[in-house]
There are 4 protein chains.
Amino acid sequence: MGKKRGPKYDLIIEAAVRVIAEHGYHQAQVSKIAKEAGVADGTIYLYFKNKEDILISLFEEKMGRFVEKTKEQIEKENDPGEKLFRLIQMHFKQLAANYALAVVTQLELRQSNAELRLKINEVLKGYLQLIDVVLVDGKESGYFNANLDNRLVRQMIFGTLDEVVTNWVMKDGKYDLVSLAKPVQQMLVNGLTSINR
Amino acid sequence: MGKKRGPKYDLIIEAAVRVIAEHGYHQAQVSKIAKEAGVADGTIYLYFKNKEDILISLFEEKMGRFVEKTKEQIEKENDPGEKLFRLIQMHFKQLAANYALAVVTQLELRQSNAELRLKINEVLKGYLQLIDVVLVDGKESGYFNANLDNRLVRQMIFGTLDEVVTNWVMKDGKYDLVSLAKPVQQMLVNGLTSINR
Amino acid sequence: MGKKRGPKYDLIIEAAVRVIAEHGYHQAQVSKIAKEAGVADGTIYLYFKNKEDILISLFEEKMGRFVEKTKEQIEKENDPGEKLFRLIQMHFKQLAANYALAVVTQLELRQSNAELRLKINEVLKGYLQLIDVVLVDGKESGYFNANLDNRLVRQMIFGTLDEVVTNWVMKDGKYDLVSLAKPVQQMLVNGLTSINR
Amino acid sequence: MGKKRGPKYDLIIEAAVRVIAEHGYHQAQVSKIAKEAGVADGTIYLYFKNKEDILISLFEEKMGRFVEKTKEQIEKENDPGEKLFRLIQMHFKQLAANYALAVVTQLELRQSNAELRLKINEVLKGYLQLIDVVLVDGKESGYFNANLDNRLVRQMIFGTLDEVVTNWVMKDGKYDLVSLAKPVQQMLVNGLTSINR
DNA sequence: TATGAATGAGGATTCATTCAT
DNA sequence: CATGAATGAATCCTCATTCAT
């Protein structure tokens, strides 16, 4: 790829996360990110095509590692229910471990324009495929209902996790997010129905 | 002085929906909205305090009616499962019936700044309470699992519906949204599990 | 003249004085003056050509009466020194008696554009002629120095009185302005020099 | 961060003087000043906080030098009468030498809002203190009348000079201002009285 | 590579004035 | 005479990006 990596590349991305988390998307000027990274404004443009490219790269970097780590954990499990639990747990764990990043992905980056969010969605596909694998495996093993529409399931799982994390961020991370992994997994697996229906 | 209602008030809100849907949030200049509404720029300010006030009012108007109509339909049903179905159906129906509005609520309005989104969240509470009522009633009747965490359920339902609609909008509304109401309801009620587990 | 006098004419002028004194020149919108006068915005334009016309008329009305009253007092005196004293005393007295008007003439109206101030200067000429009469009489009687340049004297007298009143207004009228008439008169007559020079 | 001086700083201030003198205070748009200075609009904001800051800086720069030069001249003289003469002469000389600046200080800048004029008054204090020094010295030496009220004298001197210059500006600088220094000084020192009183 | 001074396009809002009623 | 809803022109400032050094 054409990316110029290097120490300053990472420096700038980390600076962007901090600046956006602290000041918000619309107050995250390139000059502010440059200052936070300890480089000149112009230097940014030696590593990134434009401002949007910083944000996409940020998302790619973070989400790439996010997916990778989640995948590792899932592969340790055989049971579909456990795989789903790991996925949820990793989702919550990684964002809980980096509150600033959570603020950026759940709140701030959503203020970006439609075009940027389209590109962000591209990056998200890697994560959605992870969900798909868990789902298809679970269907094949007879654990998950084979009649379910894959796309809808994906939307339910991602929509739920996303909403849970967003609410947690909006409550300033005041409660324990990771401990919600189990009840959320059970809710997704069993649905709303009472056992004795 | 309170809201100045009147024919032009509605005219401006409808114009705002169309302009934002077509040109996007950041390209929805007041002058463009005024032109679309067929009034002078200054006339906007006889009915709205400022640009943000147009957007909040838009959301209040639309969401107010949205909640109202959904409530009516829910009350027609007795069965908790049917109530949930009606809620989902109305959610999809109303947004499918007004694609421009769906674009605005699912994509464009989310680009607004923190302050505006805070006010939007206030308005959303009315809808979340509707979900709560369905849930609590269903728990009392023994239809829904009484052990479920209300907050998490609310987040699963809203997160799922929101994600389903957003995906539909991002696919340019090319497929039938309303027909997804039933499978989504079943998925939420029964979860991912296979029947014979 | 084309002036439409009438009860509302005066009402509007008095309202303008109050509004300008309270809110300042740049916050004295036509609609605010109309509201203060208890008439509709449009009604203003039945009595005045435009906003500028209100201000000029205000100045004409007030200054006309100002000059008239001052003239009356001057004519009561024979001694040039006393005439000058009366002029100064009346200048201070009339503005001290109407603090709002003083604020308007000394501070607010000066913020008007060059064109308006030119017209205001026209109105001021009547007052300057009054000074001239006192001066010329005093020269003829041998009381004032016949070698003095009339224009410069006029500027010294008016400049001094104006500056004294402006300073008084900027100190919120906290001290007694009228009692300054005598020392100011003596200072103008005798100058800065010590008696034993 | 303090003032960013530099060649462009002066360029912009000089451009502001020319633009305001030619087009008037309210027609002196930032873009017009930038164009006159030969810089981009945005460059203005590298040197000045906002438009008001240009005007205050203009006044500070010009008045600072004005006071400084006047002070130098005054200190060359010993006689109080001569000191006063120098002060008046410098006042007239410096404004006569820069007609555009005279227009700006005597007419245009007075249209500024209350806040700006307050700051301008702060700057003026330096000049008034100069007058005070001349006055107090003259009193001590027995040249000036020790019974005079300092504040009133200051107002007479400043009011007179200001009025003389303003009249000169309003007559488009058509006559010689500097030659008025002597008669004005004599008038201030001797007052209106005839010698043989 | 790195710098940072310079660029310049773009938009919400106010308010004097009009005119149909 | 009186109303007041409607008009629409006009401007300061920000900030992503460039380029001479």
Side-chain angles (χ1 to χ4, degrees), chain A residues 4 6-9 12 26-35 37-55, chain B residues 4 6-9 11-12 26-35 37-54, chain C residues 4 6-9 12 26-35 37-55, chain D residues 4 6-9 11-12 26-35 37-54:
Chain A
K4 285 193 195 175
K8 296 206 174 166
Y9 177 88
I12 291 164
H26 290 294
Q27 281 306 306
Q29 294 89 347
V30 171
S31 63
K32 208 177 266 173
I33 295 172
K35 197 174 181 183
V39 302
D41 294 15
T43 304
I44 298 267
Y45 292 87
L46 298 176
Y47 294 90
F48 300 92
K49 209 164 87 268
N50 50 34
K51 184 179 179 179
E52 192 176 76
D53 190 29
I54 307 175
L55 304 176
Chain B
K4 275 197 197 176
K8 300 216 168 151
Y9 178 88
L11 222 53
I12 292 164
H26 289 294
Q27 280 305 307
Q29 296 90 345
V30 171
S31 62
K32 213 177 264 173
I33 295 172
K35 198 173 182 183
V39 302
D41 293 16
T43 304
I44 299 265
Y45 293 87
L46 295 176
Y47 294 89
F48 300 92
K49 211 164 84 267
N50 49 37
K51 186 179 176 179
E52 190 179 75
D53 190 31
I54 306 176
Chain C
K4 284 194 195 174
K8 295 204 175 166
Y9 177 89
I12 292 165
H26 290 293
Q27 282 304 307
Q29 295 89 347
V30 171
S31 62
K32 208 176 266 174
I33 295 172
K35 196 174 182 183
V39 302
D41 293 16
T43 304
I44 298 265
Y45 292 87
L46 298 175
Y47 293 90
F48 300 91
K49 207 164 89 267
N50 50 35
K51 184 179 179 180
E52 191 177 76
D53 189 29
I54 307 175
L55 305 175
Chain D
K4 276 197 196 176
K8 299 216 170 152
Y9 178 88
L11 222 52
I12 291 163
H26 290 294
Q27 280 305 306
Q29 297 90 345
V30 171
S31 62
K32 212 176 265 174
I33 295 172
K35 198 174 182 183
V39 301
D41 293 16
T43 304
I44 299 266
Y45 294 88
L46 296 177
Y47 295 89
F48 301 91
K49 209 166 83 265
N50 49 37
K51 185 179 177 180
E52 189 179 74
D53 190 32
I54 307 176

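Here is how names work: the chains are called A, B, and so on, in the same order as the sequence lines, proteins then strands, and each is numbered from 1.
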Which whole-number value in Å describes the distance from B:L46 CG to F:dG8 P?
-> 13 Å
Over how many whole Å does the gap from D:I44 atom CD1 to E:dA5 atom P extend?
-> 17 Å
D:D53 and D:N50: side-chain contact (heavy atoms from CB on, under 4.5 Å), yes or no, with the steps?
-> CA-CA 5 Å; D:D53 190 32; D:N50 49 37; 3.5 Å; yes
Measure across C:Q27 and C:K32 and return the closest heavy-atom pair with its distance rounded to 0.1 Å.
-> O-NZ, 2.9 Å
Within this structure, what is the NZ-to-C1' distance between D:K32 and F:dC13, rounded to whole angstrom?
-> 18 Å
Distance, rounded to the nearest Å, where D:D53 contributes CG and F:dT14 contributes P = 12 Å
Of B:H26 and D:G38, whose nearest nucleotide on DNA chain E comes first from the 5' end?
-> D:G38
Does any N or O in the side chain of B:K51 come within less than 3.5 Å of the main-chain N or O of B:V30, such that one atom is a donor and the other an acceptor?
-> no
Checking all strands, does B:V30 fall into the base, sugar-phosphate, or nothing category for heavy-atom contacts under 4.0 angstrom?
-> base
With under 30° as parallel and over 60° as perpendicular, where do the rings of C:F48 and C:Y9 fit, or are they tilted in between?
-> parallel
Which residue, A:A28 or C:V39, contacts DNA chain F at a nucleotide closer to its 5' end, judged by nearest heavy atom?
-> C:V39
Integer-rounded Å distance: F:dC12 P and D:K35 NZ = 15 Å
Give DNA chain F the dot-bracket treatment, 5' to 3': Watson-Crick (N1-N3 with N6-O4 or O6-N4) or G-U (N1-O2, O6-N3) under 3.5 Å, [ ] crossing, | other strand.
-> .||||||||||||||||||||
From CG of C:N50 across to P of E:dT17 the rounded distance in Å is 5 Å
Distance (rounded to the nearest 0.5 Å) between C:H26 NE2 and D:H26 NE2 = 4.5 Å
N or O in side chain of C:T43 less than 4.0 angstrom from F:dT3 OP1/OP2 = yes
Under 4.0 Å between a side-chain N/O of C:Y47 and OP1 or OP2 of F:dA2, yes or no?
-> yes
Give, for atom CD1 of B:I33 and atom CD1 of B:I54, the distance between the pair rounded to the nearest 0.5 Å.
-> 4.5 Å
Hey, does the side chain of D:K8 come within less than 4.0 Å of E:dA6's phosphate (OP1/OP2), counting only N and O?
-> yes
For nucleotides 18-21 of chain E, print each protein N/O atom paired with a nucleotide N/O atom at under 3.5 Å, atom names and distance only.
none

A:K51 has an atom NZ; how far is it from atom P of F:dT17, in whole Å?
-> 8 Å
d(OH, B:Y9; P, F:dA5) in whole Å | 17 Å
When the nearest nucleotide of DNA chain F is assigned to C:A40 and to A:E52 on a heavy-atom basis, which residue is associated with the more 5' position?
-> C:A40
Closest approach of D:L11 to D:A37 (non-hydrogen atoms, all atoms of both residues) = CD2-O, 3.6 Å
